[in-house]
Structures are given as structure tokens and as C-alpha cells.
There are 2 protein chains.
Amino acid sequence: MSVKQKPDGIPTAKSLKAIQTEVESSNRIALSVDCVIFGFDENKLKVLLIRSDMKTYQDKWSLLGDLVRPDEDLDASAYRILKQRTGLSDLYLEQVQAFGKVNRHPAGRVVTVAYYSLINVQHHKLKILDNELHWHDVDSVKDLAFDHQEIFNTCYSRLQKRVQEHPAGFSLLPNKFSLRELQNLYEAILGVKLDRRNFRKKFFAMDFLIDLGEIEVNVPHRPGKLYKFNYNKYEKRGKKWVGIDFL
Amino acid sequence: MSVKQKPDGIPTAKSLKAIQTEVESSNRIALSVDCVIFGFDENKLKVLLIRSDMKTYQDKWSLLGDLVRPDEDLDASAYRILKQRTGLSDLYLEQVQAFGKVNRHPAGRVVTVAYYSLINVQHHKLKILDNELHWHDVDSVKDLAFDHQEIFNTCYSRLQKRVQEHPAGFSLLPNKFSLRELQNLYEAILGVKLDRRNFRKKFFAMDFLIDLGEIEVNVPHRPGKLYKFNYNKYEKRGKKWVGIDFL
DNA sequence: GTACTTTGCGTAATAATTACACAATTAAAC
DNA sequence: GTTTAATTGTGTAATTATTACGCAAAGTAC
């Protein structure tokens, strides 16, 4: 941003002072952050929502968000919200985009920046901080408050794309996981059924899984081997990911 | 956004009135839009920049941007900037993401939302509206003002990805183009050399090109056939695009 | 120990991608 | 108008990636 209006309507570069004046007078747009927090539990992809108590959106669910503080980075704002809501730090967090229709919020002009986050539900289960919060199956999410349905849809699509290009999905799993759990995760996120043998073949071909030499416990059938993701090797390898079967 | 602080630091849903108060008092963050305007000329991918006359960034180039007005949608703001700068409407425009580090702008707290746009330089050439504006080869773009280098890099990466998944690139070409021009475009955007026969094969296999029954004029060699992109067919086909050779 | 469930594993068929060369067309130079 | 130079237009074989698919062994539940 570095422009001002010339008489003919075409802006040109301008001085710091002129910009400062503009910046200070531009006080009628508020900025917020909204987070789509994904979790994976019981082989379902879940999203954490809060019940809206605004009259306008009685009984509707909404995303978790807050106004951005003047002295905090945008990303820091998203981390703050996540910390407050889940008690967790060091989460997978990715900005998606801004949503800025004039009338998107009944309280006035509020532009919001959407993020999504992936959390390990095992960790979170211990810290339920607010009983207005509930996990919802992603398939059953509909009719959210404000423009949150659109935001959610956009973030969910982004996640689907992301896990096919990056090893983001592992953030939703326990540190140790079986290949079956990993496949269930991909099937839940992408909404497809994948061939078991081809799925295993593909992951082993990538060679980013470390065999922990342990097996599942408390499963009512033959237990599978447990693995963890080799982030180190992934970083070193120049982040070349082999795509997962189609969406 | 729909939260307030409880005494224990964990926010919960709140009333419209409470939010309005917050929104109105949150007057210390300004919001801008910055546009990365791409063009394609002489087989090079170009970007339109303006010379910054801010002291802090003397002699540096910067993206085209402006503050968002309280009564305009975010997208409308980007279209306004493009219209002012290029004289063109109906441009290809895509939001990329927001950039919101606290100290990214010397004039105060300004969060900016980045867009990129693809324009047909043939159209634009007729309307040079401001002599502070210049087209730059994307390869030579470095050391931009503010955090504009980071914004530019992010937008350029996004474009590279985009043209491999959507028929966005055609917005950079004249309405009628030869396959050679199309290939030059992809090579310029992706920064790779592609095999001519395989490139042609791939595009013909997609079957979205309409042979106009015309040939190039004023080329110092055998002229190629001219084509246009069949957007209609593309829409009807459920937007299935066949990926272009790797990056 | 029998029934049940799930793991772990390999191959053949099909589809997609890559590498690669030569004749025909046009404009430009002479 | 003949030659030169540049570029178009076209096909196939080799390689690689993807898909479809079944059975023996391991462990749990009873």
C-alpha cells in the first residue's frame, strides 16, 4: 500500500506523512481472525465450533475467532486464539485467505482472516476448556453463523489439497500410528475409499515412515506395526512429496 | 469473529452490542490491498511496479495498492486499484492471502491483503496512465519496498501452481494465439523448457482449444495456426483440467 | 482350538509420460 | 525464382506410474 489520489482519480506514490494521516483516519474497518480447527477422532474428521449467542445467529454454530490486537502479528493472533481454546501450542497452522464482504458481520465492517489448524485430539482431550465448544463431524457442518459456512468450506477444500501435496495430515494423528490409521485419515479427509495395498505401497515408496518396532495394543484383531513420520528426512530431501491417490 | 474475554482469559460467545463496542474501538489497524499485476510480453513474464517516493524506501519499487474503503468489498477494492492503474475491467483477479506483521509498514499498523491479476498486455499498451509505472521482468524483481518482495514471491508461486491446475494463463495472451505462444507462456511462468511435441499433444488431448482457421501474420517464418480457449466447454466439462508438465 | 478380523505382501494389465527426427511451409536474402 | 533459414506439424517406441486384485499368517475373542 503506497498510494494517494491525484485530482484525476489516479493515485500515485506519496509521502510517509500523507500515508500516516490516512492510516490513522481509516478507523472504520475492524480486523479479526477466524480459525477452523480440525481434529481426527474415531475415524472421522472433526471441526471445533462454538455456539453463537448473538441474537442474529441464535442457535447457530460459528468458528473460533477474535479481533486482532494492534500490537500482535496476524499469525500470532491465530496462535493466541488456538492457545486460548485448546490449551495447545505448537500446532499446525496455515493461513487460508481474507474474507471481506461489506456486510459479512452484523456488528459493522469486520474483515476476517481465516486460518485452519490441525490438532492431535489425543492431546486436546485432556483440556476441555469451555463447554460451549463442541467437535462436529465435517460432513454435518452446515448453516454456520455469519459467513462462516463459506469460510469453513474454503478451508476444508484447502486442507484436502494440502494433504495431497504435503505431509500435513500427520499433525492430526498420534505420534505413533499404524498404516491403517493413516489410511483412515486420508479417506476421512478426502472423502474417498483407497486401495489398501496401493496406499501402503505409495507410502513405503516415499520412504518417510520410520518403523518403530512396536505394534498396536488393545485392538481386537491382529495388531499392526506402528510408525512415525520422518520430518528430518523430509526436510533434507527438499520437500519432495509424492502425491496421494486422487480426490 | 464472535468472542469476548472472560475473567480467566478464555473468551466465549458474546452479544451483538459487546461486539459493536469492540469493533468501533478497534481503530488502530488499517487495511490495504496490494496487487501483483502480471503481463506477458516478448516471451517474458512481467510485473507492473510503481516507484516508491517514500523516504524510507527511496528508489525502491513497490506493488500497486491502496487502503480499503469502509464501504467497499475487499475484492471490489482490488478491482478499483486495477481499474485506476490499467484502465482495464474484467481482469483475472485472485486473492492470495493477507500479510500482517506488526512492523511491515513504516506508517503504522497496516495489514494488507495481496491479490494477483493477469492482464493482456496488448489491451493495456494503449492506456499508459502513469509514468511512475513500469513493467519489470519477473526474474529481475528484487529488493522491493516494504515487505513487497515477500508478497511478490508468494503471489508468483501461487500463479505457477495455478496455471498447472486451471486455464488461468490464457488471460495473459491475446484472444487469438498460436501454440508456440502458449508454450512460451508456460515456459516463462514456470521457468522450464518443455518438449514441443508433448506440449502440443497434451493440449490437444484436453480438447479445449478452438482452431480458428486463421494463421499468424508478420512472422519471419512459417506461420502457425491460431486458436482460442473454449471457456464454455471448460465450464461444462466440470472444470477438469489436465495438469501441465512438471515445474 | 475354532472362528473371526486384520495385517502383510506381489504381480500382471493398463494408462500416462517421456524421449526423440524428419518432411512441409513460409519469409527473407540474394 | 532459387536458395537459405526458421518454424510448423506430426507419430512411435521405451519407460514409468497407476490400477486392480487374492491369500497365507498373526493375533483376539470365545
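Lettering follows sequence order; numbering is per chain, from 1. Remember, predicted model here, so these are calculated numbers, not experimental data.
Salt-bridge formation is detected for the pair A:Lys44/A:Asp137: a Lys NZ or Arg NE/NH1/NH2 atom is positioned less than 4.0 Å from an Asp or Glu carboxylate oxygen. The pair A:Asp147-A:Lys101 does not meet the salt-bridge criterion, since no charged nitrogen lies less than 4.0 angstrom from a carboxylate oxygen. A:Glu94 and A:Arg162 are joined by a salt bridge, as a carboxylate oxygen and a charged side-chain nitrogen come within less than 4.0 angstrom of each other. Using a 4.0 Å cut-off between charged side-chain N and carboxylate O, B:Lys193 and B:Glu187 make a salt bridge.
Residue A:Asn218 contributes atom CG, which lies 16 Å from atom C1' of C:dT6 at whole-angstrom precision. The distance from atom CD1 of A:Ile215 to atom C1' of C:dG8 is 13 Å, rounded to the nearest whole Å. Across the protein-nucleic acid pair, A:His221 atom NE2 and C:dA3 atom C1' stand 16 Å apart, rounded to whole Å.
Between the side chains of B:Ser89 and B:Lys83, at least one donor N or O lies within less than 3.5 Å of an accepting N or O.
Scanning for salt bridge (Lys or Arg N to Asp or Glu O under 4.0 Å) contacts around A:Asp73 gives an empty result, with sequence neighbours left out.
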Can you check nucleotides 14-16 of chain C for protein contacts, nitrogen or oxygen pairs under 3.5 Å, and list what you find?
none

When you compare the protein's N or O atoms with those of nucleotides 9-13 of chain D, which come within less than 3.5 Å of each other, and at what distance?
unit_1	atom_1	unit_2	atom_2	d
D:dG9	OP1	B:Lys225	N	3.0
D:dG9	OP2	B:Arg200	NH1	3.3
D:dG9	OP2	B:Arg200	NH2	2.6
D:dG9	O5'	B:Arg200	NH2	3.2
D:dG9	N7	B:Arg196	NH1	3.0
D:dG9	N7	B:Arg196	NH2	3.3
D:dG9	O6	B:Arg196	NH2	2.8
D:dT12	O4	B:Lys201	NZ	3.1

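Taking the ring centroids of A:Phe170 and A:Phe177, they lie under the 6.0 Å cut-off.
Closest approach of B:Phe38 to B:Val138, counting heavy atoms only: CE2-CG1, 4.0 Å.
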